[in-house]
Amino acid sequence: AATCVSNATAFEPNYDESKIAPYKLPDPLVMEDGSAVTTPGRWENQRRAELLELFRKHVYGFSPEPCQIRSERVSEKQVLDGKATRSEVDVFFGSGDDAASMRLLIYVPTSADGPVPAFLGLNFQGNHSIDSDPSIQLNPGWFRNRGETTDGNRTTEAARGVAADRWPVDLIVSRGYGLVTIYYGDIDPDFDDGFNNGIHGALGDSLTGVEDESRWGSIAAWAYGLSRALDYLQSDQCPSIDGDRVAVIGHSRLGKTSLWAGASDPRFAMVISNDSGCGGAALSRRAIGETVGRINTSFPHWFNDKFNEYNENESALPVDQHELLALIAPRPLYVASATEDRWADPKGEFLSAVHADPVYRLLDTDGMGSDAAPEQMPSPDQPINEGVIGYHLRTGKHDLTEYDWRQYLEFADRHLRSSRPR
Ligand code: GCU
């Protein structure tokens, strides 16, 4: 994981629960005009749209309408002793010859006797960091500097396979799932340039009638890329993956991204947030660890400009992050935290799931399972996974580990195993 940048002014995070200022969370089941949402229909037709609009306006920003995509297969190879077919596919944002593109790295189990469910997630260090095979092309784009894996914001040979731990391809494929990953910088390079580079630059002109302060930030751009990847996975060009059974997954800033992708695009069949923290699953009003003010200072390009109005002023936000989780209802959602990841506020991530539970129940699911949402955080390494909202607190650091993946695979086995009619 990236560390925080050093150009921010001194910031002492609070980790003391007793110092949290009293706060009241907005109720996802109360409309802005104060009326109650008591039926699934009212949620689907009115409140859900209202909340999405609020998150667009105040937090992530409005994105352009979906562009046309086209795709080009770049390579195909049998890997893992013949257990999987690995391919590289370029997906273009637009039909023109010079359209911007992102490269999908796709693994599909060869034993499958039909389209498989799959995990789709962005990666931090390039597709070549997933697997050390030198036939995967080194990504030519911009990289945040990170030790010997980069040189002057370009990736190096030393990056090959460095993120293999986070992407247990063999395990995923052996369990019958496909895996699709994309370097997030293909969609939008992760630095502040006033929202001009990446697809902001390429597609920005098509976004009209939106106040400057509410235009899409980088998280929204990355999520837009995930939706276009899903367009491809659902197309005839990709018969080996069942596009109706795609789980979107992400770690940290890319967990914030998977949540926004899942909230804004209901075609994602399952959503996984791994250690997503502030601006992801964690409740903003707790202001434990990383705060809205801090994240907007360190990473001014992640959210829209309007989100700055809530720096040290979280209670003025018309939404909080449990409502982001609620936008995913009734689809399966898994939120995970790690004990040593205090910066991301594990308790705030857990409480967010708890407060999304009433929406899941209104929509006729069992939410976090049993009769009511749990009152206590579970002990480390004791997943809550009986219902349609899963949660675990893993022992250890801010990371995406095999333990995390095993929980997601088990959860996917419950919810994505059988194909659903389209
Ligand atoms: C920083 C940032 C977090 C983010 C993390 C990451 O720590 O403050 O909000 O989740 O980077 O993406 O690794």
Side-chain angles (χ1 to χ4, degrees), residues 1-15 59-60 121-126 129 142-147 149-150 159 162-163 165-167 181-185 187-192 217-223 225-226 248-261 271-304 307-308 310-312 314 320-321 324-325 335-349 352 394 396-401 404:
T3 46
C4 8
V5 295
S6 52
N7 63 357
T9 45
F11 169 80
E12 270 307 315
N14 174 41
Y15 289 119
V59 185
Y60 302 102
L122 301 178
N123 66 69
F124 282 89
Q125 289 184 271
S129 71
W142 186 94
F143 282 72
R144 289 179 90 88
N145 282 331
R146 186 189 297 236
T149 67
T150 49
V162 288
D165 282 3
R166 285 193 177 172
W167 302 93
T181 184
I182 306 160
Y183 172 53
Y184 78 137
I187 304 165
D188 190 27
D190 190 4
F191 66 93
D192 181 22
S218 290
I219 291 172
W222 297 324
L226 286 166
V248 62
I249 179 171
H251 169 62
S252 207
R253 71 197 65 179
L254 300 178
K256 309 180 206 301
T257 303
S258 65
L259 287 172
W260 181 236
V271 182
I272 303 165
S273 153
N274 194 85
D275 304 0
S276 61
C278 181
L283 294 174
S284 299
R285 281 169 174 73
R286 281 169 51 83
I288 283 260
E290 188 171 31
T291 61
V292 170
R294 173 58 190 228
I295 205 167
N296 281 331
T297 309
S298 310
F299 304 101
H301 56 299
W302 285 1
F303 301 89
N304 67 19
F307 197 40
N308 282 298
Y310 308 101
N311 296 349
E312 284 80 54
E314 297 85 359
D320 210 319
Q321 299 303 105
L324 175 69
L325 303 189
V335 175
S337 314
T339 53
E340 292 169 36
D341 189 18
R342 295 196 306 161
W343 183 240
D345 187 16
K347 186 161 179 197
E349 295 178 319
S352 210
R394 170 178 50 73
K397 292 200 293 274
H398 184 69
D399 199 359
L400 171 58
T401 69
D404 298 316

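When a ligand or atom number is given, it counts from 1 through the structure's own listing order.
Numbered from 1 in the order shown, with element, the atoms of ligand 1 that lie under 4.0 Å from a heavy atom of Ser252 read 4 (C), 5 (C), 6 (C), 10 (O), 12 (O), 13 (O). Proximity to Ile295 (heavy-atom distance under 4.0 Å) selects the following atoms of ligand 1: 9 (O).
Ring planes of His398 and His251: tilted class, angle from 30 to 60°. Taking the six-membered ring where tryptophan is involved, the planes of Phe299 and Trp302 are essentially parallel, since the angle between them stays under 30° and well short of 60°. Classification of the Trp222-His301 ring pair by plane angle, with boundaries at 30° and 60°, yields perpendicular.
Looking at Arg253 against ligand 1, both its backbone and its side chain come within 4.0 Å, counting heavy atoms. At a heavy-atom distance under 4.0 Å, no atom of Tyr184 approaches ligand 1.
Using 4.0 Å as the threshold, Arg294 has no heavy atom nearer than that to any atom of ligand 1.
Between Phe124 and Arg253, some side-chain heavy-atom pair lies under the 4.5 Å cut-off. In this structure the side chain of Asp399 never reaches within 4.5 angstrom of the side chain of Asp165, judged on heavy atoms.
Considering backbone and side-chain atoms alike, Trp302 places every N or O at 3.5 Å or more from each N or O of ligand 1. Checked by distance only, ligand 1 and Lys256 come closer than 3.5 Å through their nitrogen or oxygen atoms. For ligand 1, the polar-atom distance check against Ser276 finds no nitrogen or oxygen pair separated by under 3.5 Å. Residue contacts with ligand 1: His251 is placed with no nitrogen or oxygen under 3.5 Å of a nitrogen or oxygen of the ligand (distance criterion only).
Put simply, the side chain of Ser352 never gets that close to the backbone of Glu349: no donor and acceptor are under 3.5 Å apart.
Remark: Asp188 CG to Leu122 CG distance equals 11.0 Å, nearest 0.5 Å.
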